[in-house]
Protein chains: 2
Amino acid sequence: MTYANDMPTVEKVARTDAGLAAELRLGVMRLRRRLAVERHPDNELSLNQMGVLGVLARRGALTVGELAAAEKVQPPSMTRTVNCLLESGDVAKRPHATDGRQVVVELSEQGRQRVLADRARRDAWLAQRLRELTPQERAVLRQAAPILDRLAQKD
Amino acid sequence: MTYANDMPTVEKVARTDAGLAAELRLGVMRLRRRLAVERHPDNELSLNQMGVLGVLARRGALTVGELAAAEKVQPPSMTRTVNCLLESGDVAKRPHATDGRQVVVELSEQGRQRVLADRARRDAWLAQRLRELTPQERAVLRQAAPILDRLAQKD
DNA sequence: GAGGAATAGTTAGCAGAGGTAATGACTTAT
DNA sequence: ATAAGTCATTACCTCTGCTAACTATTCCTC
């Protein structure tokens, strides 16, 4: 289903600079909500938890504070997420080598397996939808993804 | 702080098809979280509530069900959001002309003013960050925004 | 036209995930 | 040695989504 021809579509509005922020925000929020609903059903971990596992897989063992900064949440939120992952057995905590205040979080073998398995069947909802796009549209998104991430990291 | 040079960055990973879904998801989730934090402080309405006002401003009066479909939430969620907007005086409800089951939601004058004011000072956090991008990057996002929105609408 | 099925909205209750404030443990600096 | 700062945690609250159940209305079938 497409929009009616006589009403302002996202495409038209986003052509102006004033509308870009608004439309980008709408698209991001809606897509994120959709992603939360459409995640693979046989994965009992939430999107946030999988995100943390992904960061650990990409960057290696990190402290709770570093994880919080990477995911742009406050430390208490990351403590809770990490504790969930601890209960599910996907990460382990160990004391920092030189600083007794910090706690280092690292992937367990199970967590590593889960990341690999998740990547292997990541072609679920989003990847399927991506396949329905034109190559040009995929190319746009491939360029846009890192920009979105950089925007989230700014300041 | 930026990533170390010897580890896989978002840019590198997203070059492969297998990684695009993952990186797009991460970027979308982080940016959305950031947007929720960085919204303009003198606006007491949430992002969702402003989103609904924006839809009403763009598409005119809609029923609760149409709003729920547009924002990709379930009807009860939209009922609550609309009731919040009703309390704040930004929308009004009226019965549907021909179907007694439906409830039509329309912007009040205050709501219209709020949308205009919000657009006028929308150049807050995101727009400022957008300005810090290169023209090429902005062009990419301008193309990407409608694609993201279409992805969220799929199926 | 009467009765059952379908649809729109709401109410009630629950869960996830975020935040702030306050606390405890440890480190650093004076 | 002590004061100040930092990291993680705990306690508590809010927001926003969901499903299930309920009401009111409309549509369909006989």
Side-chain angles (χ1 to χ4, degrees), chain A residues 28-39 41 43-53 61-88 91-106 152, chain B residues 1 25-26 28-39 41 43-52 61-88 91-106 152:
Chain A
V28 164
M29 292 192 59
R30 286 180 181 152
L31 184 52
R32 182 266 176 190
R33 197 174 302 138
R34 195 62 191 267
L35 286 170
V37 173
E38 299 284 352
R39 69 199 170 85
N43 190 344
E44 69 272 18
L45 264 53
S46 75
L47 283 177
N48 288 322
Q49 293 167 341
M50 286 308 301
V52 170
L53 292 188
L62 296 174
T63 68
V64 171
E66 288 169 336
L67 278 175
E71 291 295 282
K72 290 282 171 294
V73 297
Q74 294 301 307
S77 301
M78 186 52 67
T79 290
R80 184 171 19 181
T81 300
V82 166
N83 283 340
C84 285
L85 292 171
L86 198 58
E87 273 188 39
S88 67
V91 303
K93 281 179 175 179
R94 56 178 166 81
H96 192 277
T98 61
D99 188 336
R101 296 167 301 180
Q102 302 187 48
V103 174
V104 177
V105 182
E106 61 185 351
Chain B
M1 165 242 175
R25 181 176 52 81
L26 271 180
V28 165
M29 292 192 60
R30 286 179 181 153
L31 184 52
R32 182 266 175 188
R33 198 174 302 139
R34 194 62 190 267
L35 286 169
V37 173
E38 299 284 352
R39 68 200 172 86
N43 189 344
E44 69 271 19
L45 263 53
S46 75
L47 283 178
N48 287 323
Q49 292 167 341
M50 286 308 301
V52 170
L62 296 175
T63 68
V64 171
E66 287 169 338
L67 279 174
E71 291 295 282
K72 289 282 169 296
V73 297
Q74 293 301 307
S77 303
M78 186 51 67
T79 290
R80 182 169 26 182
T81 300
V82 166
N83 282 341
C84 284
L85 292 171
L86 198 59
E87 274 189 38
S88 68
V91 302
K93 282 179 176 180
R94 57 178 165 81
H96 192 277
T98 60
D99 188 338
R101 296 168 301 180
Q102 301 188 46
V103 174
V104 177
V105 182
E106 60 186 351

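Heavy atoms only, all atoms of each residue included: A:Ala36 and A:Leu47 are closest at CA-CD1, 3.4 Å.
Contacts between residues 74-82 of chain A and DNA chain C, counted as heavy-atom distances below 4.0 Å, involve A:Gln74, A:Pro76, A:Ser77, A:Arg80.
Residues passing the side chain to side chain contact (heavy atoms under 4.5 Å, CB included) test with B:Arg32 are A:Val28, A:Met29, A:Arg32, sequence neighbours excluded. Residues forming a salt bridge (Lys or Arg N to Asp or Glu O under 4.0 Å) with B:Glu71 (at least two apart in sequence, or on another chain): A:Arg30.
Extent of DNA chain C lying under 4.0 Å from chain A heavy atoms, first and last nucleotide in 5' to 3' order, is C:dA17 to C:dT27. First and last contacting nucleotides of DNA chain D toward chain A (any atom under 4.0 angstrom from a heavy atom, 5' to 3' order): D:dG5 to D:dG17.
Among pairs with a residue in residues 94-104 of chain B, those fulfilling salt bridge (Lys or Arg N to Asp or Glu O under 4.0 Å) read B:Arg94-B:Glu106, B:Asp99-B:Arg101, at least two apart in sequence or across chains.
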For residues 78-86 of chain B, which side-chain N or O atoms pair as donor and acceptor with protein atoms under 3.5 Å away, sequence neighbours left out?
residue	atom	partner	partner atom	Å
B:Thr79	OG1	B:Pro75	O	3.3
B:Thr81	OG1	B:Ser77	O	3.2
B:Asn83	OD1	B:Lys93	NZ	2.9
B:Asn83	ND2	B:Thr79	O	3.3

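If you take NZ on B:Lys72 and CZ on A:Arg33, they are separated by 10.0 Å, rounding to the nearest 0.5 Å. Atom CG in A:Asn48 sits 11.5 Å away from atom CE in A:Met50 (nearest 0.5 Å).
Along DNA chain D, the nucleotide closest to A:Gly65 and the one closest to B:Lys72 are compared, and the more 5′ of them pairs with A:Gly65. Along DNA chain C, the nucleotide closest to A:Val73 and the one closest to B:Val104 are compared, and the more 5′ of them pairs with B:Val104.
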